[in-house]
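Here the structure is laid out as structure tokens; the discussion comes afterwards.
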Amino acid sequence: MSAYDNSDELQKIMVDLWNTIKQQPEIAGKLLASKLIVQFHYREPNGLITIDCSDGKEMFVHGGANTLKPTVEMFMKADTAHDFWLGKVNVPMALLTGQMSAKGPVNKALSLLPAIKPAFSLYPAVYKKYGQKSAVSG
């Protein structure tokens with residue numbers, strides 16, 4: 001069973017999560033300092049989220065198609081993203097095994113993993129907001 005019922009639910013959860021992350025100064029500050037535009041491509045169900053930190057001052061969260069040119073693109077199944085936010089995915093290993101794939105300077109994105117880890121604690125509450133209770137522990 002998929003962690004997300006459909007593309008709409010996936011988009012809502014991811015946009016809400018990233019909007020919650022941008023309200024956390026200790027996380028957002030490090031992401032903004034990167035000045036990256038990172039685009040996440042999800043499948044099963046499909047989704048597209050773009051996180052724009054390019055001006056270094058404000059993080060913009062875009063759900064769906066847009067005209068931004070991403071610095072880094074990440075590709076994965078939606079369930080892999082769910083497991084990532086639960087702290088269950090070793091990203092370098094996932095990239096090596098093909099569970100995730102990436103385009104662009106992946107080393108820049110990987111350098112942000114320590115900054116993102118505190119957001120793992122935010123995900124279960126966001127996920128549950130949309131009625132997804134059983135899969136958070138799984």
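In this text, all values refer to a predicted model and were calculated from it rather than measured experimentally. Side chains are part of it too, since the values below use all heavy atoms of this structure and drop only hydrogens, waters and symmetry mates.
Between the OH atom in Tyr42 and the CD atom in Gln11 there is a gap of 8.5 Å [rounded to 0.5 Å]. Note that CD1 of Ile13 is 10.0 Å distant from CG of Asp8, once rounded to the nearest 0.5 Å. A distance of 6.5 Å separates CE in Met74 from CZ in Phe40, rounded to the nearest 0.5 Å. Of the inter-residue distances, the one linking Leu32 atom CG with Glu58 atom CD reads 8.5 Å to the nearest 0.5 angstrom. Atom CD1 in Ile51 sits 8.5 Å away from atom CD1 in Ile116 (nearest 0.5 Å). Taking NZ of Lys30 as the reference point, atom CD of Gln24 lies at 12.5 Å (rounded to 0.5 Å).
Follow the hydrophobic side-chain contacts under 4.5 Å out from Leu48 and you never reach Leu17; the two are in separate clusters. Under the 4.5 Å side-chain heavy-atom criterion for Ile, Leu, Val, Met, Phe, Trp and Tyr, Leu122 and Trp85 are members of the same hydrophobic cluster. The same ILVMFWY cluster, assembled from side-chain heavy atoms under 4.5 Å apart, contains both Met100 and Val106. No single ILVMFWY cluster, assembled from side-chain heavy atoms under 4.5 Å apart, contains both Ile37 and Leu113.
Two residues are said to be in side-chain contact when any heavy atoms from C-beta on lie closer than 4.5 Å; His62 and Trp18 fail this criterion. Using a 4.5 Å cut-off on side-chain heavy atoms (C-beta onward), Leu36 and Leu112 make contact. Side-chain contact between Gln39 and Leu68 is absent, with no heavy-atom pair separated by less than 4.5 Å. Between Leu86 and Tyr127 there is no side-chain heavy-atom pair separated by less than 4.5 Å. Looking only at side-chain heavy atoms (C-beta outward), Lys103 and Val72 stay at 4.5 Å or farther from each other. The side-chain heavy atoms of Thr71 and Pro105, taken from C-beta on, include a pair separated by under 4.5 Å. Gln99 has its side chain out of reach of Met76: every pair of non-hydrogen atoms, C-beta onward, lies at least 4.5 Å apart. Side-chain atoms of Tyr130 and Lys128, non-hydrogen and from C-beta on, never get closer than 4.5 Å to each other.
In this structure, the side chain of Lys22 engages the main chain of Met59 through a donor-acceptor pair within 3.5 Å. Looking only at distances, a side-chain donor or acceptor of Ser121 sits under 3.5 Å from a matching main-chain atom of Pro118. Between the side chain of Asp79 and the main chain of Ala3, a donor-acceptor pair closer than 3.5 Å is present. Formation of a donor-acceptor pair under 3.5 Å by the Ser7 side chain with backbone atoms of Gly47 is not found in this model.
Between Phe84 and Phe120, the ring center distance clears the sub-6.0 Å criterion.
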>> One pair to check against side-chain contact (heavy atoms from CB on, under 4.5 Å): Val38 and Asp52. What are the steps and the verdict?
In response: CA-CA 7 Å; Val38 182; Asp52 179 2; over 6 Å; no
> Can Lys129 and Asp16 be said to form a salt bridge (charged side-chain N to carboxylate O under 4.0 Å, His left out), step by step?
Replying inline: CA-CA 10 Å; Lys129 249 200 267 187; Asp16 192 344; 2.8 Å; yes
>> Is there a side-chain contact (heavy atoms from CB on, under 4.5 Å) between Met14 and Tyr4? Walk through the geometry before answering.
In response: CA-CA 11 Å; Met14 289 300 166; Tyr4 308 99; 3.1 Å; yes
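For the side chain to side chain contact (heavy atoms under 4.5 Å, CB included) test with Pro92, the passing option among Asn90, Leu95, Val89 is Asn90; the others fail.
No hydrogens or angles considered: a donor-acceptor pair under 3.5 Å links the side chains of Thr50 and Asn66.
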